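All values reported here derive from a predicted model rather than from experimental measurement.
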Amino acid sequence: MVIKVDMDSYIMGLLATDGSTRVYNRKRDNGISYFSKIELSDKQLIEDLADYLNLELNYRKRVIANKEREYWSVGIPSKLIKDDGKYLVKGRPDIKKWYDMCEDKNSFIRGMFDGDGCVSHHPYNNKFLRIGVSLNSNSPDLLDIWDEYCHQNNITLSKYYDKRGSGSWYISINSKEDVFKFYTLIYKNRPNLYLKRKYDIFIKNGYPLMETLM
(Lines give C-alpha, C1' and ligand atoms only; values in the text may rest on other atoms or scores of the structure.)
Protein backbone atom coordinates (compact mmCIF):
# COMPACT_ATOMS: atom_id res chain seq x y z
CA MET A 1 0.00 0.00 0.00
CA VAL A 2 1.28 3.47 -0.92
CA ILE A 3 1.02 5.97 1.94
CA LYS A 4 0.86 9.68 1.19
CA VAL A 5 3.74 11.56 2.82
CA ASP A 6 4.01 15.22 3.73
CA MET A 7 7.04 16.62 1.96
CA ASP A 8 7.29 17.00 -1.82
CA SER A 9 9.06 13.98 -3.34
CA TYR A 10 11.50 16.06 -5.40
CA ILE A 11 12.49 18.20 -2.41
CA MET A 12 13.03 15.11 -0.27
CA GLY A 13 15.31 13.60 -2.92
CA LEU A 14 17.24 16.86 -3.16
CA LEU A 15 17.61 17.16 0.62
CA ALA A 16 18.58 13.50 0.94
CA THR A 17 21.62 14.06 -1.24
CA ASP A 18 22.58 17.71 -0.94
CA GLY A 19 20.88 19.08 2.17
CA SER A 20 21.62 19.29 5.89
CA THR A 21 19.16 18.77 8.73
CA ARG A 22 19.43 19.74 12.38
CA VAL A 23 17.48 18.36 15.33
CA TYR A 24 15.96 20.59 18.00
CA ASN A 25 14.60 19.43 21.33
CA ARG A 26 11.47 21.39 22.17
CA LYS A 27 11.30 22.34 25.86
CA ARG A 28 7.55 22.90 26.06
CA ASP A 29 6.35 19.46 25.03
CA ASN A 30 9.61 17.49 25.13
CA GLY A 31 9.22 16.80 21.42
CA ILE A 32 11.67 16.97 18.55
CA SER A 33 11.70 19.42 15.65
CA TYR A 34 13.77 19.45 12.48
CA PHE A 35 15.22 22.26 10.41
CA SER A 36 16.62 21.57 6.93
CA LYS A 37 18.80 23.71 4.73
CA ILE A 38 20.11 23.43 1.22
CA GLU A 39 22.84 25.61 -0.25
CA LEU A 40 24.02 25.51 -3.86
CA SER A 41 25.95 27.60 -6.34
CA ASP A 42 23.02 27.18 -8.74
CA LYS A 43 20.88 30.26 -8.07
CA GLN A 44 18.09 29.15 -10.41
CA LEU A 45 17.18 26.03 -8.47
CA ILE A 46 17.38 27.59 -5.00
CA GLU A 47 15.40 30.61 -6.21
CA ASP A 48 12.69 28.35 -7.67
CA LEU A 49 12.63 26.31 -4.46
CA ALA A 50 12.25 29.45 -2.33
CA ASP A 51 9.37 30.66 -4.53
CA TYR A 52 7.69 27.24 -4.47
CA LEU A 53 7.79 27.04 -0.66
CA ASN A 54 7.30 30.79 -0.12
CA LEU A 55 10.54 31.03 1.86
CA GLU A 56 13.36 33.56 2.02
CA LEU A 57 16.24 33.25 -0.42
CA ASN A 58 19.65 33.69 1.21
CA TYR A 59 22.96 34.61 -0.40
CA ARG A 60 26.59 34.58 0.69
CA LYS A 61 30.11 34.46 -0.70
CA ARG A 62 32.60 31.79 0.34
CA VAL A 63 36.31 31.47 -0.32
CA ILE A 64 37.16 27.93 -1.44
CA ALA A 65 40.68 27.01 -2.61
CA ASN A 66 41.58 30.72 -2.62
CA LYS A 67 38.69 31.50 -4.96
CA GLU A 68 35.61 33.50 -4.02
CA ARG A 69 32.38 31.76 -4.92
CA GLU A 70 28.71 32.68 -4.70
CA TYR A 71 26.12 30.49 -2.97
CA TRP A 72 22.38 30.66 -2.47
CA SER A 73 20.44 28.82 0.19
CA VAL A 74 17.00 28.27 1.63
CA GLY A 75 16.07 27.04 5.10
CA ILE A 76 13.04 24.77 5.47
CA PRO A 77 11.42 25.21 8.90
CA SER A 78 9.94 22.51 11.10
CA LYS A 79 6.36 23.40 10.14
CA LEU A 80 7.15 22.29 6.59
CA ILE A 81 9.64 19.47 7.12
CA LYS A 82 7.60 18.00 10.01
CA ASP A 83 8.52 14.44 11.01
CA ASP A 84 10.04 13.76 7.59
CA GLY A 85 13.16 15.41 9.01
CA LYS A 86 14.03 12.21 10.86
CA TYR A 87 14.92 10.64 7.51
CA LEU A 88 17.25 13.53 6.60
CA VAL A 89 19.60 13.69 9.59
CA LYS A 90 23.18 12.45 9.30
CA GLY A 91 23.38 9.07 7.58
CA ARG A 92 19.83 9.47 6.16
CA PRO A 93 18.50 6.66 8.39
CA ASP A 94 15.62 4.74 6.85
CA ILE A 95 15.27 7.16 3.91
CA LYS A 96 14.53 4.05 1.86
CA LYS A 97 11.31 3.65 3.87
CA TRP A 98 10.28 7.18 2.87
CA TYR A 99 11.07 6.40 -0.74
CA ASP A 100 9.03 3.20 -0.58
CA MET A 101 6.06 5.18 0.75
CA CYS A 102 6.14 8.04 -1.74
CA GLU A 103 3.86 8.03 -4.75
CA ASP A 104 6.12 9.97 -7.11
CA LYS A 105 9.39 8.04 -7.21
CA ASN A 106 10.45 9.65 -10.49
CA SER A 107 10.47 13.08 -8.86
CA PHE A 108 12.39 11.75 -5.84
CA ILE A 109 15.07 10.40 -8.18
CA ARG A 110 15.13 13.68 -10.11
CA GLY A 111 15.85 15.40 -6.79
CA MET A 112 18.70 12.97 -6.06
CA PHE A 113 20.05 13.46 -9.57
CA ASP A 114 19.97 17.27 -9.26
CA GLY A 115 21.63 17.02 -5.85
CA ASP A 116 24.50 14.58 -6.40
CA GLY A 117 24.33 13.60 -10.04
CA CYS A 118 25.77 14.78 -13.32
CA VAL A 119 25.19 14.31 -17.03
CA SER A 120 28.19 14.38 -19.34
CA HIS A 121 29.50 13.04 -22.61
CA HIS A 122 30.53 9.42 -22.55
CA PRO A 123 34.35 9.17 -22.27
CA TYR A 124 34.50 6.59 -25.07
CA ASN A 125 32.02 8.25 -27.43
CA ASN A 126 31.32 11.97 -27.18
CA LYS A 127 28.19 11.58 -29.30
CA PHE A 128 26.42 9.99 -26.34
CA LEU A 129 25.61 11.11 -22.80
CA ARG A 130 25.91 9.20 -19.58
CA ILE A 131 24.57 9.70 -16.05
CA GLY A 132 26.86 9.69 -13.03
CA VAL A 133 26.04 9.93 -9.31
CA SER A 134 28.26 10.07 -6.23
CA LEU A 135 26.82 8.64 -3.00
CA ASN A 136 28.26 8.72 0.50
CA SER A 137 28.83 5.16 1.66
CA ASN A 138 27.73 6.22 5.17
CA SER A 139 24.20 6.47 3.77
CA PRO A 140 23.61 2.95 2.38
CA ASP A 141 19.89 3.54 1.87
CA LEU A 142 20.69 5.96 -0.96
CA LEU A 143 22.45 3.24 -2.92
CA ASP A 144 19.58 0.84 -2.21
CA ILE A 145 17.15 3.39 -3.65
CA TRP A 146 19.10 3.70 -6.90
CA ASP A 147 19.47 -0.08 -7.14
CA GLU A 148 15.74 -0.62 -6.77
CA TYR A 149 14.71 2.24 -9.05
CA CYS A 150 16.93 1.11 -11.90
CA HIS A 151 15.98 -2.56 -11.44
CA GLN A 152 12.26 -1.77 -11.52
CA ASN A 153 12.68 0.34 -14.66
CA ASN A 154 14.98 -2.14 -16.41
CA ILE A 155 17.94 0.26 -16.42
CA THR A 156 21.46 -1.16 -16.14
CA LEU A 157 23.37 0.49 -13.29
CA SER A 158 27.15 0.30 -12.99
CA LYS A 159 28.71 0.68 -9.52
CA TYR A 160 32.19 1.39 -8.23
CA TYR A 161 33.24 1.76 -4.59
CA ASP A 162 36.06 4.19 -3.89
CA LYS A 163 37.78 3.32 -0.60
CA ARG A 164 39.68 6.61 -0.34
CA GLY A 165 38.71 9.05 2.41
CA SER A 166 35.30 8.36 3.95
CA GLY A 167 34.41 6.16 0.98
CA SER A 168 31.89 6.81 -1.76
CA TRP A 169 29.88 4.86 -4.26
CA TYR A 170 30.10 6.05 -7.85
CA ILE A 171 27.22 4.81 -9.95
CA SER A 172 26.54 5.39 -13.61
CA ILE A 173 24.04 4.76 -16.39
CA ASN A 174 25.97 4.33 -19.61
CA SER A 175 24.00 2.94 -22.54
CA LYS A 176 22.25 5.33 -24.93
CA GLU A 177 18.93 3.55 -24.46
CA ASP A 178 19.10 3.57 -20.66
CA VAL A 179 20.09 7.24 -20.47
CA PHE A 180 17.14 8.16 -22.69
CA LYS A 181 14.81 6.02 -20.56
CA PHE A 182 16.10 7.72 -17.40
CA TYR A 183 15.65 11.16 -18.96
CA THR A 184 12.08 10.34 -19.96
CA LEU A 185 11.16 9.01 -16.52
CA ILE A 186 12.38 12.00 -14.51
CA TYR A 187 11.04 14.74 -16.81
CA LYS A 188 7.85 13.29 -18.29
CA ASN A 189 5.64 14.89 -15.63
CA ARG A 190 6.82 18.34 -16.83
CA PRO A 191 8.08 19.41 -13.40
CA ASN A 192 8.22 22.93 -12.03
CA LEU A 193 11.26 22.10 -9.89
CA TYR A 194 14.40 20.91 -11.66
CA LEU A 195 17.97 22.08 -12.22
CA LYS A 196 17.83 23.82 -15.57
CA ARG A 197 21.60 23.58 -16.09
CA LYS A 198 21.44 19.77 -16.23
CA TYR A 199 18.22 19.65 -18.23
CA ASP A 200 19.74 21.98 -20.84
CA ILE A 201 22.61 19.54 -21.42
CA PHE A 202 20.11 16.93 -22.57
CA ILE A 203 18.36 19.42 -24.85
CA LYS A 204 21.61 20.65 -26.40
CA ASN A 205 22.42 17.03 -27.24
CA GLY A 206 19.20 16.41 -29.15
CA TYR A 207 16.88 15.07 -26.44
CA PRO A 208 13.21 16.04 -26.85
CA LEU A 209 11.70 18.85 -24.78
CA MET A 210 9.92 17.63 -21.66
CA GLU A 211 6.62 18.97 -23.04
CA THR A 212 6.75 16.30 -25.78
CA LEU A 213 7.46 13.32 -23.50
CA MET A 214 4.79 10.72 -22.89
What distance separates Trp98 CH2 from Met12 CE, expressed to the nearest 0.5 Å?
5.0 Å
What's the shortest heavy-atom distance between Gly115 and Asp18, and which atoms?
O-OD2, 3.2 Å
Ignoring hydrogens and geometry, is there a side-chain-to-backbone donor-acceptor pair from Asp116 to Val133 under 3.5 Å?
no
Lys176 side chain to Lys127 backbone, donor-acceptor under 3.5 Å:
no
Any donor-acceptor pair under 3.5 Å linking the side-chain atoms of Tyr10 with those of Asn192?
no
Share the residues that join Tyr170 in a hydrophobic cluster, the rule being Ile, Leu, Val, Met, Phe, Trp or Tyr side chains under 4.5 Å apart at the heavy-atom level.
Tyr160
What verdict does the side-chain contact (heavy atoms from CB on, under 4.5 Å) test give for Leu129 and His121, after you've listed the backbone C-alpha separation in whole Å, the side-chain angles of each residue and the deciding distance to 0.1 Å?
CA-CA 4 Å; Leu129 296 177; His121 285 104; 3.9 Å; yes
When rounded to the nearest 0.5 Å, the distance separating CZ of Arg62 from OG of Ser41 is 10.0 Å
Distance check, rounded to the nearest 0.5 Å: Ser9 atom OG versus Leu193 atom CG?
11.5 Å
Close side-chain approach of Leu213 to Tyr187, heavy-atom, < 4.5 Å
yes
Examine distances only and state if a side-chain atom of Lys198 and a backbone atom of Gly117 form a donor-acceptor pair shorter than 3.5 Å.
yes
Is it the case that more than 12 heavy atoms not belonging to His151 sit under 6.0 Å from its NE2 atom?
no
Shortest non-hydrogen contact from Ser158 to Asn174?
OG-ND2, 3.3 Å
Side-chain ion pair, Asp200 and Lys196, N-O less than 4.0 Å:
yes
So does Ile11 get a backbone contact from the side chain of Asp8, meaning a donor-acceptor N/O pair under 3.5 Å?
yes
4.5 Å side-chain heavy-atom contact, Asn106 and Asn189:
no
Compare all side-chain heavy atoms of Ile46 with those of Leu57 and state whether any distance is below 4.5 angstrom.
yes
Could you go step by step and tell me if Tyr34 and Leu88 meet the side-chain contact (heavy atoms from CB on, under 4.5 Å) rule?
CA-CA 9 Å; Tyr34 302 92; Leu88 298 170; over 6 Å; no
Any donor-acceptor pair under 3.5 Å linking the side chain of Arg197 with the backbone of Leu45?
no
Which heavy atom of Met112 sits nearest to which heavy atom of Ile145, and what is that distance?
SD-CG2, 4.0 Å
Any Ser139 side-chain heavy atom under 4.5 Å of Ile95 side chain
no
Would you name the heavy atoms of Lys188 and Met214 that are closest together and state the gap between them?
CD-O, 4.0 Å
Taking only residues two or more places apart in sequence or in another chain, which ones pass ring-ring contact (aromatic ring centres under 6.0 Å, His included) with Tyr99?
Phe108
Donor-acceptor under 3.5 Å (Tyr183 side chain, Pro208 main chain)
yes
Arg22 side chain to Phe35 backbone, donor-acceptor under 3.5 Å:
no
Would you kindly confirm whether Ile203 and Phe128 end up in one hydrophobic cluster when ILVMFWY residues are joined by side chain heavy atoms under 4.5 Å apart?
no
For Leu15 and Ile76, what are the C-alpha separation, side-chain angles and deciding distance, and is it a side-chain contact (heavy atoms from CB on, under 4.5 Å)?
CA-CA 10 Å; Leu15 290 173; Ile76 303 176; 3.8 Å; yes
Once you round to the nearest 0.5 Å, how far does NZ of Lys181 lie from OG1 of Thr156?
8.0 Å
Side chains of Ile38 and Leu49, heavy atoms from C-beta outward: is any pair under 4.5 Å?
yes
Does some side-chain heavy atom of Leu143 sit less than 4.5 Å from a side-chain heavy atom of Lys159?
yes
Under 3.5 Å: donor-acceptor pair, side chain of Asn136, backbone of Asn138:
yes
Non-hydrogen side-chain atoms of Tyr87 and Asp141 separated by less than 4.5 Å:
no
For the residue pair Leu55 and Pro77, establish whether any side-chain heavy-atom pair is separated by less than 4.5 Å.
yes
Those residues that, when tested against Phe113, pass ring-ring contact (aromatic ring centres under 6.0 Å, His included) (two or more places apart)
Phe182
Measure the acute angle between the ring planes of Trp72 and Tyr59, then classify it against the limits of 30° and 60° as parallel, tilted or perpendicular.
tilted
Check for a donor-acceptor pair, side chain of Asp104 on one end and backbone N or O of Ser107 on the other, with a separation under 3.5 Å.
yes
Under 3.5 Å side-chain donor-acceptor pair for Asn58 and Tyr71:
no
Measure the spacing between NZ of Lys37 and CD1 of Ile81 and express it to the nearest 0.5 Å.
14.5 Å
Closest non-hydrogen atom pair, Gly85 against Thr21:
O-CG2, 3.8 Å
Could you check Tyr199 against Leu209 for side-chain contact (heavy atoms from CB on, under 4.5 Å), going step by step and ending with a plain yes or no?
CA-CA 9 Å; Tyr199 171 74; Leu209 295 172; 3.8 Å; yes
Which value, rounded to the nearest 0.5 Å, describes the distance between Asp42 atom CG and Leu195 atom CG?
4.5 Å
Is the backbone of Tyr194 close enough, under 3.5 Å, to the side chain of Gln44 for a donor and an acceptor to pair up by distance?
yes
Shortest non-hydrogen contact from Asp100 toward Lys105:
O-NZ, 3.4 Å
